[in-house]
*Asks:* 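Got a structure here, written out as structure tokens. Questions coming.
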Number of protein chains: 2
Amino acid sequence: MRQLNCSMCILKSEAARKFSDSELSRMNQNCVEVDFKKNEIIFKQNALSSNIIYLQSGMVKLVIEGKQREQILRIKKAPCYLGLPTTMGDKINHYSAVAIVPTRACFIDINIFKELLKSNFEFSYEIMVELCKNELDQFHRCVNLVQKHIFGRLANSLIQFSEELFEDDEFDLPINRNEYADLVCTSRETVSRMLAELSEEKVIEINGKRIKILNKEMLNKIRENG
Amino acid sequence: MRQLNCSMCILKSEAARKFSDSELSRMNQNCVEVDFKKNEIIFKQNALSSNIIYLQSGMVKLVIEGKQREQILRIKKAPCYLGLPTTMGDKINHYSAVAIVPTRACFIDINIFKELLKSNFEFSYEIMVELCKNELDQFHRCVNLVQKHIFGRLANSLIQFSEELFEDDEFDLPINRNEYADLVCTSRETVSRMLAELSEEKVIEINGKRIKILNKEMLNKIRENG
DNA sequence: GTAAAATTGTGATATGTATCACATTTATTA
DNA sequence: TAATAAATGTGATACATATCACAATTTTAC
């Protein structure tokens with residue numbers, strides 16, 4: 001456990017810029033920083049949840065164990081908070097968080113976090129707004145999963161990887177085909193087939209985990225109509 | 001617009017019990033009460049959102065327009081808040097709220113609501129916890145919709161109507177078969193067929209919109225394994 | 001109370017996607 | 001570098017559920 005300097009780190013977090021020096025030093029003393037390798041678990045479903053996690057760098061999948069299969073609720077990339085709903089909403093985690101690339105995270109005790117919320121309304125209001133946005137997001141994600149056929153869901157996820165997560169037309173998928181199936185709620189085989197078909201149609205180019213988007217308009221159409 | 005007395009009403013809201021007299025009177029002066037008939041719209045998707053709504057009595061469906069069909073995100077019954085995520089998370093409503101039984105609601109201006117959050121940490125923390133719980137709930141709802149076959153989803157919704165909304169083994173469905181299809185994300189015809197089958201199996205008894213649960217263990221099994 | 005409209009039920013058919021089986025490729029470990 | 005394990009691709013088949021078509025019933029409106 002190294003000596004932390006939250007004032008350096010906090011700059012990345014919109015909400016936490018509003019802290020006073022004393023709040024920052026309180027945080028410095030109650031924060032631990034941990035590095036995770038790919039596939040390491042940051043927190044686990046059904047375990048006691050007593051920390052809010054601030055992702056400094058990396059990327060994480062939030063996974064929930066369904067009766068039949070795992071489901072990836074969403075993929076989040078740093079900087080962001082993890083575990084707000086699962087830590088504030090219950091004593092037990094309702095889902096797991098797993099690193100899908102090398103990831104650095106800070107653990108903040110929920111009681112300290114609550115103190116910070118209490119002492120700084122700007123901060124707590126921003127957290128509230130973030131919670132609200134997440135819920136809206138989640139509504140749309142659910143409609144997308146339920147109402148679209150797999151082509152549409154796949155196109156949607158490809159666009160999200162490209163625009164939201166990697167901000168590039170070309171990227172390495174941080175998950176395998178099985179996990180991809182858990183993300184778009186289908187089977188591994190179907191993911192393979194559909195990706196192959198998109199590749200045949202020259203919409204994307206595939207090389208193992210490397211993906212390049214060739215025809216974005218087409219992909220958008222598929223997302224809308226799929 | 002009648003003279004309001006929030007102190008009477010507020011007793012139903014866990015979070016708002018913590019208000020001081022001055023906070024309450026501020027609320028009295030900035031609150032309007034409206035009655036809605038069945039099928040009347042309380043707020044509409046894509047309209048500007050500038051109010052938090054407190055449901056005094058009644059029942060409401062939250063609906064989002066998908067590309068292909070409408071989807072009922074959830075059914076909420078009084079007492080509860082409506083529009084927290086859609087009003088705090090964006091300027092525009094991401095979904096509509098429609099009364100499915102006669103309903104009475106208070107409209108609170110978002111700026112007044114924000115003042116109350118600021119002046120009373122207990123209140124704002126409880127709102128935060130509620131937002132978190134909603135999000136967890138929404139995760140489970142989504143997994144349920146995506147991973148279960150229609151029998152399981154139907155069984156699940158029947159149990160929710162019975163246990164969470166009406167707290168009775170026998171109740172009148174406040175929605176028609178089409179809306180029921182939007183709720184469990186299937187077609188009207190399939191809802192008809194499946195309900196008929198559950199009735200044949202003596203799991204439920206149907207009489208138009210009146211439903212009686214005859215075999216709850218069976219229904220629970222179908223929910224788990226479906 | 002009758003006509004019109006809306007809601008609901010039910011058979012036949014079509015189809016998207018899961019599942020199974022197995023081959024092939026890629027990654028991991030000794 | 002060989003041996004083993006993990007990940008991926010692809011055909012054949014099965015099946016849950018959507019869709020279409022139309023009849024029957026219930027509700028609404030005049």
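Chain A is the first sequence line, chain B the second, and so forth, proteins listed ahead of strands; every chain is numbered from 1.
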*Asks:* For the side chain of A:Ile150, counting heavy atoms from C-beta on, which of C:dT17, C:dT19, D:dA18 is nearest?
*Replies:*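 It is C:dT17.
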
*Asks:* Can you check the A:Ile206 CD1 to C:dT26 P distance for me, whole Å?
*Replies:*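 Nearest whole value for this atom pair: 13 Å.
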
*Asks:* Under 4.0 Å between a side-chain nitrogen and a carboxylate oxygen: does that hold for A:Asp137 and A:Lys133?
*Replies:* no

*Asks:* Could you work out which one of D:dT17, D:dT10, C:dT8 sits closest to the side chain of B:Met194?
*Replies:*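 The closest nucleotide is D:dT17.
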
*Asks:* Find the distance A:Arg69:CZ to C:dT19:C1' and express it as a whole number of Å.
*Replies:*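 Between C1' of C:dT19 and CZ of A:Arg69: 11 Å.
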
*Asks:* From C:dA18, C:dA21, D:dA7, pick the nucleotide closest to the side chain of A:Asn176?
*Replies:* D:dA7

*Asks:* For the pair made of CG in A:Asn178 and P in D:dG9, what is the distance, rounded to whole Å?
*Replies:* 12 Å

*Asks:* Closest approach to the side chain of B:His149, judged atom by atom: which nucleotide of D:dA16, C:dT19, D:dT8 is it?
*Replies:*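 From the listed options, D:dA16 comes nearest.
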
*Asks:* Is A:Lys148 reaching over with its side chain to a backbone N or O of A:Arg223, donor-acceptor style, under 3.5 angstrom?
*Replies:*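 Present.
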
*Asks:* Using a strict cut-off of less than 4.0 Å between a Lys/Arg side-chain nitrogen and an Asp/Glu carboxylate oxygen, indicate whether A:Glu164 and A:Lys76 qualify as a salt bridge.
*Replies:* no

*Asks:* Can B:Tyr54 and B:Gln56 be said to form a side chain to side chain contact (heavy atoms under 4.5 Å, CB included), step by step?
*Replies:* CA-CA 6 Å; B:Tyr54 177 70; B:Gln56 275 187 57; 4.2 Å; yes

*Asks:* Rounded to the nearest angstrom, tell me the gap between atom CD in B:Gln68 and atom C1' in D:dT19.
*Replies:*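 Going from B:Gln68 (CD) to D:dT19 (C1'), I get 14 Å.
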
*Asks:* What integer distance in Å separates A:Glu189:CD from C:dA23:C1'?
*Replies:* 14 Å

*Asks:* Among D:dA21, D:dA12, C:dT8, find the nucleotide with the atom closest to the side chain of A:Arg193.
*Replies:* D:dA12

*Asks:* Tell me if a side-chain donor or acceptor on A:Arg153 pairs with a main-chain N or O of A:Leu145 at a distance below 3.5 Å.
*Replies:*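 A pair under 3.5 Å: yes.
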
*Asks:* Using whole Å, report how far CG of B:Leu195 lies from P of C:dG9.
*Replies:*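 Going from B:Leu195 (CG) to C:dG9 (P), I get 7 Å.
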
*Asks:* On the nucleotide D:dA18, are OP1 or OP2 found under 4.0 Å from the side-chain N or O atoms that B:Thr190 carries?
*Replies:* yes

*Asks:* Contact class for B:Lys148 vs. all strands (heavy atom < 4.0 Å): base, sugar-phosphate, or nothing?
*Replies:*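 No contact.
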
*Asks:* Please report the distance, rounded to the nearest Å, between CG in B:Asp172 and P in D:dT27.
*Replies:*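 To the nearest whole Å, that distance equals 11 Å.
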
*Asks:* Heavy-atom nearest nucleotide on DNA chain C for A:Arg188 versus A:Arg153: which residue maps closer to 5'?
*Replies:*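 With A:Arg188 and A:Arg153 compared, the 5'-side residue is A:Arg153.
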
*Asks:* Nearest-Å distance, NZ (A:Lys209) to C1' (C:dT25)?
*Replies:* 12 Å

